[in-house]
Amino acid sequence: MQWVVELNFVNLINTPFLILIVQECIIRRGEKYRLEGGPDFENKSLVLIILIGYIFNLLFGWFGIMCDDASAAQMLFFQFGTSFAISASVMAGRYTGLRGQHVAASAYILLGITHGISLAALSKAGINADREATMAMPMIPALIFMFWCNLFPVWLRLLAIIPIILFSFVYINVHLGDTGVGWTLYSGYGALQFIEVLWCIYLFMDWKNLASQKQKG
């Protein structure tokens, strides 16, 4: 019996376990180095990619919301935005790991998986509500683990409760027979996007502080 395995770029991106493997390899490799001793250009590039990725995710999400529901344009905007979020999560996992925030680095791995599930739920036919609701499974522990990250202020870590509550409602509603695609889903994902942008701003500020300390030293 011959098995034919068709692999393409979309299938690879839509595989959450591939995201897990890639992020784990990046973090393990990064543990050999300390951020303070790395090249300035590399460190600056890292935080800028994180910032750009999460901001683009937020912007493309807004553009998608303004399109007709389940339209090709809306799905395209959502797909582009989610792809940026996956890239930013990979980079953020590397940065927080280099800063000694290993629990937060693991949380970013889970967020990469979360966005991978979201990307897999987007198709030409619209949003697969069942698959989109499963975002809550890796997302909720990821947001809880972010409470260990002292690079963020306490109030920002507490904001993570909002998407946790909203996605819990989405998950419950879907399993009760609801379509799941409604204001709770859009609000929950929007809250997550906004919080991720705030996180990356603080990561950028952390890098700026380290860079200024190196110049003074």
Side-chain angles (χ1 to χ4, degrees), residues 16 19-20 23 27 35 46-62 64-65 78 81-82 84-119 121 132-175 180-210:
I19 299 168
L20 174 63
Q23 285 189 309
I27 291 173
L35 181 63
L46 190 63
V47 294
L48 285 177
I49 292 172
I50 298 169
L51 190 65
I52 292 171
Y54 280 132
I55 289 177
F56 272 34
N57 179 37
L58 182 62
L59 290 177
F60 279 120
W62 284 347
I65 289 294
F78 286 167
T82 307
F84 275 108
I86 293 172
S87 301
S89 298
V90 172
M91 299 299 178
R94 170 70 183 271
Y95 183 87
T96 50
L98 291 173
R99 293 292 286 122
Q101 304 291 321
H102 299 297
V103 176
S106 300
Y108 273 115
I109 292 175
L110 290 173
L111 281 177
I113 295 173
T114 299
H115 289 296
I117 294 173
S118 176
L119 185 58
E132 194 77 22
T134 58
M135 282 179 58
M137 304 304 288
M139 186 200 68
I140 290 176
L143 296 179
I144 293 174
F145 294 154
M146 282 299 181
F147 280 84
W148 273 259
C149 187
N150 57 22
L151 299 178
F152 307 140
V154 176
W155 65 266
L156 182 53
R157 285 176 265 178
L158 290 174
L159 278 183
I161 296 175
I162 297 175
I164 288 176
I165 294 174
L166 291 173
F167 268 96
S168 296
F169 279 121
V170 172
Y171 187 83
I172 293 171
N173 289 338
V174 167
H175 283 78
V181 181
W183 72 269
T184 51
L185 176 61
Y186 290 134
S187 299
Y189 202 81
L192 177 62
Q193 290 174 317
F194 182 71
I195 291 172
E196 287 174 333
V197 170
L198 292 179
W199 283 344
C200 67
I201 291 174
Y202 273 91
L203 292 182
F204 182 82
M205 291 169 57
D206 178 75
W207 169 79
K208 289 286 289 183
N209 290 334
L210 286 176

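One is the number of the first residue; the rest follow in order along the sequence.
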Name every donor-acceptor pair, under 3.5 Å, that has one atom in a side chain of residues 54-62 and the other anywhere in the protein, sequence neighbours excluded.
residue	atom	partner	partner atom	Å
Tyr54	OH	Ser89	OG	2.9
Asn57	OD1	Gln193	NE2	3.3

message: Holding to ring pair (Phe, Tyr, Trp, His ring centres under 6.0 Å), I want the full list of residues that pass it with Phe169, two or more places apart in sequence or in another chain.
response: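 With sequence neighbours excluded, Phe169 shows a ring pair (Phe, Tyr, Trp, His ring centres under 6.0 Å) to no residue whatsoever.
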Closest heavy-atom pair and its distance - [X], [Y]:
X	Y	answer
Gln101	Cys149	OE1-CA, 3.5 Å
Pro163	Ala191	CD-CB, 4.2 Å
Ser187	Trp183	OG-O, 2.6 Å

How long is the straight-line distance from [atom2] of [Y] back to [atom1] of [X], given to the nearest 0.5 Å?
X	Y	atom1	atom2	value
Leu185	Leu166	CG	CG	9.5 Å
Leu159	Ile164	CG	CD1	11.0 Å
Phe167	Thr184	CZ	OG1	9.0 Å
Tyr108	Ile113	OH	CD1	15.0 Å
Trp207	Leu46	CH2	CG	10.5 Å
Leu110	Thr114	CG	OG1	6.5 Å

task: Could you tell me which residues satisfy side chain to side chain donor-acceptor pair (under 3.5 Å) with Ser118, sequence neighbours excluded, listed by chain and number?
output: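 With neighbours one apart ignored, the set is Glu132.
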Distance-only criterion, 3.5 Å: show the donor-acceptor pairs between side-chain atoms of residues 195-205 and protein atoms not counting sequence neighbours.
residue	atom	partner	partner atom	Å
Glu196	OE1	His115	NE2	3.4
Glu196	OE2	His115	NE2	2.7

field: Heavy atoms from other residues, nucleotides or ligands near CZ of Phe147 exceed 12 (cutoff 6.0 Å)
entry: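 More than 12 heavy atoms, drawn from other residues, nucleotides or ligands, come within 6.0 Å of this atom.
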Could you list the donor-acceptor pairs under 3.5 angstrom formed between side-chain atoms of residues 133-142 and any protein atom two or more places apart in sequence or on another chain?
residue	atom	partner	partner atom	Å
Thr134	OG1	Arg131	O	2.4

task: Return the set of residues passing side-chain contact (heavy atoms from CB on, under 4.5 Å) with Ile172 (not counting sequence neighbours), or none when no residue passes.
output: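 In terms of side-chain contact (heavy atoms from CB on, under 4.5 Å), with neighbours along the sequence ignored, Ile172 is linked to Leu176.
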